[in-house]
Amino acid sequence: TTQIRVGIVGYGNLGRGVETAIGLSPDMSLTGVFTRRDPASVTTVGTATEVFAIDELDRDRDDIDVLILCGGSRSDLPEQSPALAARFSIVDSYDNHAHIPEHFAAVDAAARPAGTTAVISTGWDPGLFSLNRVFSEAIIPQGATYTFWGRGLSQGHSDALRRVPGVAGGVQYTLPSEAAMERVRAGEHPDLSTRERHTRECFVVLEEGADAETVRAEIVSMPDYFEPYDTTVHFISAQELERDHQGMPHGGFVIRSGTTSPGTQQVIEYQLALESNPEFTASVLVAYARAAARMNRAGVVGAQTVYDVAPGLLSPLSPEQLRADYL
Ligand code: NDP
């Protein structure tokens, strides 16, 4: 078996996590980090990691099997994923659920004629949670599925928050409703509105001279991200942000309960409890990068989602080993 050679595009929290995760995968190697910033200004976790300007990807490169895109979903990935899928196999973690069909179409239109393989919207949600929703619904057709997140810091929502004019810094926490989760586990199948399942809490540092009320109104009315929830915005100092909000925990639950015959209750529950959301998401991206490289070699091209990737392709083990030791 040959090594799978990976390039990281964008070096923030997720980019750092991918660098670390590749170090834990002996069948994969890191070609380098590609950034829009001055490469000399980017300090990597690994001292041997090479950092290149993103323009370096315009050259014909034969030292990359797959690029892992680590930019933000709001502004980076809608541009970078289609542009890069026209020349490389890619994996991204595009997490704006409402716009995944458009993102898929744009990436597919670039990847298919180029003969590249592009796995979009992987991670844990979308990603592992999406898989669990589909598994449990396919298995228990009569029932109801519920996804609860948190309490945790949401990367996608914090990213969106920080791009609001007047915001100097900030974080967003998602909180699940315990009462709602207990009703679901008990098989009640409650009709929960988006607002009843979770709330969102933002901690924001204002730019000098920015008006708090204008910024608050802009945040709580942001479509898809904040508008469908009860969102609270707290204004704090840069010092408080630094002192109280540096961890990046997250996680959540996918629960389906239903019946297979009258009165026979079946419950499937999947839980993630993550101390570092970016390190975990990065680990998922690396496993899907392995699958993308293998699918490309096998001639499976175009945009793909987690639903299109066979689980065995994620494992470094061979199909023979998996059959012998894991079935
Ligand atoms: P960051 O804000 O840390 O990084 C995003 C981009 O910003 C980087 O790729 C980098 O690009 C640029 N950047 C990073 N640091 C700096 C800096 N100091 N100065 C200037 N630019 C910088 O975002 P995260 O890595 O935390 O998250 C990225 C995305 O991951 C989220 O938007 C979300 O879409 C996704 N995600 C998905 C999950 C899922 O389950 N599907 C879960 C968690 C996250 P460059 O190097 O080119 O400048």
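For ligands, and for the atoms within them, numbers begin at 1 and follow the listed sequence.
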Checklist outcome for this item: In this structure, atom 29 (C) of ligand 1 is nearest to the protein heavy atom G71 O, 3.4 Å
Checklist entry - Taking the non-hydrogen atoms of T122, is any one of them nearer than 4.0 angstrom to ligand 1? => result yes
Checklist entry - Between G123 and T281, what is the shortest heavy-atom contact and its length? => result CA-CG2, 4.0 Å
Next on the checklist: As an exercise, identify every atom of ligand 1 less than 4.0 angstrom from a heavy atom of G123.
Outcome noted: 39 (C), 40 (O), 41 (N)
Checklist outcome for this item: When every non-hydrogen atom of Q172 is compared with those of S158, the smallest separation belongs to N-OG, 3.1 Å
Checklist entry - Are any of the side-chain nitrogens in E213 or R216 under 4.0 Å away from the carboxylate oxygens of its partner? => result yes
Checklist outcome for this item: Note: L77, heavy atoms under 4.0 Å from ligand 1, region reported as neither
Checklist entry - Which atoms of ligand 1 are found less than 4.0 Å from any heavy atom of S93? => result 30 (O), 34 (O), 35 (C), 36 (N), 37 (C), 41 (N)
Checklist entry - Does D159 approach ligand 1 within less than 4.0 angstrom via side chain, backbone, both or neither, non-hydrogen atoms only? => result side chain
Item to check | Those atoms of ligand 1 less than 4.0 Å from some heavy atom in N277 | outcome: 42 (C), 43 (C)
Next on the checklist: I'd like to know if the side chain of R256 and the backbone of P141 have a donor-acceptor N/O pair within less than 3.5 Å.
Outcome noted: yes
Checklist entry - What's the shortest distance from atom 23 (O) of ligand 1 to any protein heavy atom, and which residue and atom give it? => result N13 ND2, 4.3 Å
Item to check | Contact summary for T116 and R87, nearest pair of heavy atoms | outcome: CG2-C, 4.0 Å
Item to check | Winner among V306, D38, I54, T35 once heavy atoms are compared against atom 45 (P) of ligand 1 | outcome: T35
Item to check | D27/R290 under salt bridge (Lys or Arg N to Asp or Glu O under 4.0 Å): CA gap, chis, key distance, verdict | outcome: CA-CA 9 Å; D27 61 328; R290 177 183 291 121; 2.7 Å; yes
Item to check | Closest heavy-atom pair and its distance - C202, L161 | outcome: SG-CD1, 4.1 Å
Checklist entry - When you look at H157 and Y173, which way does the ring-ring contact (aromatic ring centres under 6.0 Å, His included) test go after all the steps? => result CA-CA 9 Å; H157 287 79; Y173 297 98; over 10 Å; no
Item to check | Minimum-distance protein heavy atom relative to atom 20 (C) of ligand 1 | outcome: R37 CD, 3.5 Å
Item to check | Sub-3.5 Å N/O-N/O distance, S73 and ligand 1 | outcome: yes
Checklist outcome for this item: Closest to atom 40 (O) of ligand 1 among protein heavy atoms sits W124 N, 2.8 Å
Checklist entry - How does P278 reach ligand 1, by side chain, by backbone, by both or by neither, if only non-hydrogen atoms under 4.0 Å count? => result neither
Checklist entry - Going through the checks in order, is the side-chain hydrogen bond (donor to acceptor under 3.5 Å, both in side chains) test met by T31 and D63? => result CA-CA 7 Å; T31 301; D63 57 353; 5.0 Å; no
Item to check | For ligand 1, the portion of V42 having any non-hydrogen atom under 4.0 Å away | outcome: neither
Next on the checklist: Any side-chain to backbone donor/acceptor pair from N277 onto P249? Under 3.5 Å, distance only.
Outcome noted: no
Next on the checklist: Side chain or backbone, does G15 bring an N or O within less than 3.5 Å of an N or O on ligand 1?
Outcome noted: no
Checklist entry - Of all the non-hydrogen atoms in the protein, which one sits nearest to atom 25 (O) of ligand 1, and at what distance? => result L14 N, 2.8 Å
Item to check | Aromatic plane relationship, F34 with F52 - under 30° parallel, 30 to 60° tilted, over 60° perpendicular | outcome: parallel
Checklist entry - For ligand 1, is G127 a contact, meaning one of its heavy atoms is under 4.0 Å away? => result no
Checklist entry - Short list, please: which atoms of ligand 1 are under 4.0 Å from a heavy atom of D76? => result 6 (C)
Please tabulate, one pair per line, all N/O donor-acceptor pairs under 3.5 Å involving side-chain atoms of residues 105-114, not counting sequence neighbours.
from: D108; atom 1: OD1; to: R112; atom 2: NE; distance (Å): 3.2
from: D108; atom 1: OD1; to: R112; atom 2: NH2; distance (Å): 3.2
from: D108; atom 1: OD1; to: A303; atom 2: N; distance (Å): 2.8
from: D108; atom 1: OD2; to: R112; atom 2: NE; distance (Å): 3.2

Checklist outcome for this item: heavy-atom search around atom 27 (O) of ligand 1 in the protein gives Q155 OE1, 4.0 Å
Next on the checklist: For ligand 1 and P126, I'd like to know whether there is a polar contact (N/O to N/O, distance under 3.5 Å).
Outcome noted: yes
Item to check | Test ring-ring contact (aromatic ring centres under 6.0 Å, His included) applied to W149 and H250, step by step | outcome: CA-CA 8 Å; W149 300 276; H250 219 317; 8.3 Å; no
Next on the checklist: Among all protein heavy atoms in this structure, tell me which lies nearest to atom 42 (C) of ligand 1, with the distance rounded to 0.1 Å.
Outcome noted: T281 OG1, 3.2 Å
Item to check | Protein residue, atom and distance nearest to atom 11 (O) of ligand 1, heavy-atom basis | outcome: R36 NH2, 2.9 Å
